[in-house]
Amino acid sequence: MTSLRNLPGIDALLRDSGELAARHGHDRTVCALRHVVEQARQAFLSGTRMPDSAALITQAAALLDRETRPTLRPVINASGVIIHTNLGRAPLSEAAQAAVQAMGGYSTLEYDLEPGVRGKRDRHLERLLVDVTGAEAGMVVNNNASAVLLALTALAQGREAVISRGQLIEIGGSFRVPDVMQQSGAIMIEVGTTNRTWLRDYASAITDNTAVIVRAHASNFQIVGFTEAVPLVDLAALAHEHGLIVLDDIGSGALIDTARFGLSHEPMAQESLAAGADLVMFSGDKLLGGPQAGIIIGRADLIDMLKQHPLARAVRADKLCLAGLSATLEHYRRGDALDRVPVWRMISLPPDVLRERAERWAAAVGGDVIQSESTVGGGSLPGDTLPTWALSPRVDQPNAAAAQLRRNDPPVIARVAHDRLLLDPRTVLPGQDEPLLAAVKALESCT
Ligand SMILES: *Cc1c(COP(=O)(O)O)cnc(C)c1O
């Protein structure tokens, strides 16, 4: 008969546990072994059978794996939301991923090879930005929130910044235009109403202390019905007549027209410049399809002022970002963005291709292929959807099944709609079919 005396000692377990201590460190492993032995002791006292050494080691290994697993992990996005803010926004192109990887060691980040002297990190992307957008100059910062903050601080601190009440927006993750204004030290002058703002509203707000007119794109909501907004051309004409600067926060920063794919038209960087904006700011990881970054393009004299402002140092982009963004922008310069930038490849996928893939999945693991809708996400194009075909595995409890898919390794993020579990092929990257289907297969055995 087993008794408490048969419980193996920690030293013996440690000796038998092979790689465990090498993988997790001696102290942490001892701690885990003690924990599972104590649990076994308690369980034994209440009548449970004593596990053997091998079982205790397996339990300790599982405990250590759980404890040390990073919380930042890759996932399979089967939700059909292309720029999923919670899932890291834009997935990078293969070239961009390779570029990031290549920057792991030393680089020419701030080094000019020819003379062998210190260089500027700003210079790596400027030419590309100019080529791709047609702007006079450009720079890259940490994200679009910093881009807006930097522009306002450098150009309007202690002076007035005029903005329509309809554009006092909040973007997820607490980017709020009024707060950014306050942080920058600009004096915010609100004009018009929530739904209607006229050119005369702006005109009558201009004083000797006005520095800029700001336009912010209402990325993630729509005002419909009795509305009026001033076209950028008119705003720019008014501003320039008074020697003022127009700052245009376009948010997502499309370089390709979303209307080509049956979506609403998302403001494009090129259009904004053409309409007379002096500086245009947008994100690197929304519709551009690159890494987290803030891009500022426009007048060279203003970009120079921004580069020289002390805040620029605090919001500068790192080498991994610059490398990934550079490779992403190259796709636009070469003209292969629709094929190579995942966000655009996903947007442009025709329904019959999606249906074929969903049917291949169904043939492998069962379930129904049903018509559904993907979205662009990332606070872009609210209300717009793209027709898709999704695999709907037959499960009794879709929410429980979705939770189980999230526990898979790698985690799979599905969508539940109309009481059905849905896996949308649009956002599942090439090469992820196999792990996805394995996760779905594992569902069948538990539900
Ligand atoms: C998304 C967005 C921002 C914030 O951009 P980040 O890159 O997330 O910092 C600012 N303004 C608008 C209009 C946006 O859509």
Side-chain angles (χ1 to χ4, degrees), residues 81-92 125 129 138-153 156 161 163-184 186 188 197 212-223 229 232 235 246-255 258 263-269 271-272 275 277 279-298 306 311-312 314-318 320-322 324-325 328-329 343 375-384:
V81 182
I82 297 174
I83 306 170
H84 199 305
T85 301
N86 304 144
L87 304 183
R89 287 195 180 157
L92 297 182
L125 268 88
L129 285 172
M139 69 185 288
V140 178
V141 293
N142 182 48
N143 56 18
N144 191 29
S146 356
V148 176
L149 178 65
L150 176 61
L152 283 169
T153 310
I163 185 165
S164 159
R165 288 197 169 88
Q167 295 170 10
L168 298 179
I169 55 168
E170 172 175 326
I171 306 292
S174 64
F175 171 91
R176 303 176 112 191
V177 167
D179 296 349
V180 177
M181 285 262 192
Q182 193 181 17
Q183 208 46 241
S184 73
M188 182 169 75
T197 304
V212 300
I213 294 182
V214 181
R215 190 179 78 152
H217 175 50
S219 299
N220 52 8
F221 68 100
Q222 284 166 322
I223 297 183
L232 188 61
L235 212 52
V246 176
L247 302 179
D248 194 15
D249 172 12
I250 58 171
S252 210
L255 295 177
T258 45
L263 298 163
S264 310
H265 175 72
E266 182 74 14
M268 295 171 68
E271 285 170 355
S272 185
L279 288 181
V280 182
M281 294 148 292
F282 51 101
S283 297
D285 53 354
K286 291 183 180 172
L287 279 169
L288 193 76
Q292 178 188 307
I295 297 167
I296 312 173
I297 52 171
L306 265 53
L311 189 59
V315 297
R316 75 181 185 186
D318 83 307
L320 303 183
C321 159
L322 293 175
L325 188 59
T328 305
L329 288 167
V343 164
T375 55
V376 174
S380 317
L381 304 163
D384 276 16

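All values reported here derive from a predicted model rather than from experimental measurement. Whatever order the structure lists them in is the order used to number ligands and atoms, beginning at 1.
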- Query: Is a side-chain N or O of Asp384 found less than 3.5 angstrom from the main chain of Leu263, in a donor-acceptor match?
  - Reply: no
Let me have the donor-acceptor pairs involving side chains of residues 81-91, under 3.5 Å, with sequence neighbours excluded, atom names and distances please.
residue, atom, partner, partner atom, Å
His84, ND1, Asn86, N, 3.3
His84, ND1, Leu87, N, 3.4
Arg89, NH1, Asp285, OD1, 3.0

- Is there a side-chain contact between Asp249 and His217, using heavy atoms and a 4.5 Å cut-off? no
- Of all heavy-atom pairs between Ala161 and Val214, which one has the smallest distance, and what is that distance? CB-CG2, 4.2 Å
- Item | Exceeds 12 heavy-atom contacts within 6.0 angstrom, atom CD of Glu170 | yes
- Sorted by chain and residue number, the residues having a heavy atom closer than 4.0 Å to an atom of ligand 1 are Arg89, Asn143, Asn144, Ala145, Ile169, Ile171, Phe175, His217, Ser219, Asp249, Gly251, Ser283, Lys286
- Crowded around Arg165 CZ? As in, over 12 foreign heavy atoms under 6.0 Å? yes
